[in-house]
Visitor: 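Encoded as structure tokens, here's the structure I'll be asking about.
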Amino acid sequence: MKKHEITVLREKNRVDSVKIVRSPSTAREWVVLFKEIEGKSFFLISDDDQVCSYATLDAAVDELDTLGFARAEVLF
């Protein structure tokens, strides 16, 4: 799901959980996973439909902060 779509869901209180997990393709990178109230899960993707990945956990947390989130579960 794209950043602007996630922001809209957050504003409508439709996001059930946020997780930061290791990238399935590159274990040294992190990706963000969102779960909607209805149970569907989505990776955060860029405007060109690529999964957003972050070199550090801090970078992933900064992105979530920018999107307005204050809490996430980290799985490693």
Side-chain angles (χ1 to χ4, degrees):
M1 188 166 285
K2 295 182 180 180
K3 293 177 184 180
H4 68 275
E5 295 171 317
I6 290 294
T7 301
V8 170
L9 285 179
R10 182 190 56 76
E11 290 170 353
K12 293 180 178 181
N13 294 317
R14 304 299 302 160
V15 178
D16 183 47
S17 65
V18 181
K19 295 180 180 172
I20 302 172
V21 299
R22 293 212 182 258
S23 172
S25 62
T26 306
R28 291 175 293 205
E29 294 183 352
W30 299 90
V31 294
V32 178
L33 183 66
F34 297 94
K35 185 175 179 183
E36 287 183 318
I37 297 293
E38 293 82 16
K40 294 180 184 178
S41 295
F42 300 93
F43 285 110
L44 182 63
I45 62 170
S46 64
D47 287 334
D48 59 349
D49 294 327
Q50 299 297 316
V51 174
C52 296
S53 62
Y54 304 92
T56 66
L57 188 55
D58 286 339
V61 170
D62 287 343
E63 183 67 52
L64 289 173
D65 186 43
T66 300
L67 294 172
F69 289 93
R71 166 180 309 211
E73 182 177 4
V74 178
L75 302 174
F76 55 97

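Along the sequence shown, residues are numbered consecutively beginning with 1.
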Visitor: So if you build clusters from Ile, Leu, Val, Met, Phe, Trp, Tyr with side-chain heavy-atom gaps below 4.5 Å, do M1 and I20 land together?
Guide: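 Cluster IDs for M1 and I20 match.
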
Visitor: Taking the side chain as C-beta and beyond, is there a heavy-atom pair between D49 and K2 under 4.5 Å?
Guide: yes

Visitor: Shortest non-hydrogen contact from A60 to W30?
Guide: CB-CB, 4.4 Å

Visitor: Could you tell me which residues satisfy side chain to side chain donor-acceptor pair (under 3.5 Å) with S46, sequence neighbours excluded, listed by chain and number?
Guide: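 For S46, the residues satisfying side chain to side chain donor-acceptor pair (under 3.5 Å) (neighbours in sequence not counted) are D48.
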
Visitor: Rounded to the nearest 0.5 Å, what's the gap from CD1 on I6 to CD on E36? Could you check?
Guide: 7.5 Å

Visitor: Rounded to the nearest 0.5 Å, what separation is found between the CG atom of L9 and the CG atom of L67?
Guide: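 Result: 11.5 Å between the selected atoms.
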
Visitor: Find out if a path of hydrophobic residues (ILVMFWY) with successive side-chain heavy-atom gaps under 4.5 Å connects V74 to F42.
Guide: yes

Visitor: Locate the shortest heavy-atom distance separating E29 from S53; write the atom from each residue and the value.
Guide: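 E29 and S53 have their closest heavy atoms at OE1-OG, 2.9 Å.
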
Visitor: Got a second to check how far K12's NZ is from I37's CD1, nearest 0.5 Å?
Guide: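 Answer rounded to 0.5 Å: 13.5 Å.
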
Visitor: Between F69 and F34, how do the two ring planes meet: parallel, tilted or perpendicular, split at 30° and 60°?
Guide: tilted

Visitor: Kindly write out the residues that satisfy side chain to side chain donor-acceptor pair (under 3.5 Å) with R22, not counting sequence neighbours, or none if the list is empty.
Guide: none

Visitor: For residues E63 and V32, determine if any side-chain heavy atom of one lies less than 4.5 Å from a side-chain heavy atom of the other.
Guide: no

Visitor: Same cluster for Y54 and L33 if Ile/Leu/Val/Met/Phe/Trp/Tyr side chains link at under 4.5 Å?
Guide: no

Visitor: Is L64 reachable from F43 through a run of I, L, V, M, F, W or Y residues, each pair having side-chain heavy atoms under 4.5 Å apart?
Guide: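 No, it is not one cluster - the side chains of F43 and L64 are not joined through contacts under 4.5 Å.
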
Visitor: With sequence neighbours left out, what residues match E38 under side chain to side chain donor-acceptor pair (under 3.5 Å)?
Guide: R14

Visitor: Check whether V61 and F76 end up in the same hydrophobic cluster, where Ile, Leu, Val, Met, Phe, Trp and Tyr are linked by side-chain heavy atoms less than 4.5 Å apart.
Guide: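 Yes, same cluster.
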
Visitor: For V31 and C52, work out which heavy atoms get closest and say how close.
Guide: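 Scanning both residues completely, I find the closest heavy atoms to be CG1-O, 3.5 Å.
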
Visitor: Where do V18 and R71 come nearest, in terms of heavy atoms and distance?
Guide: CB-O, 4.0 Å

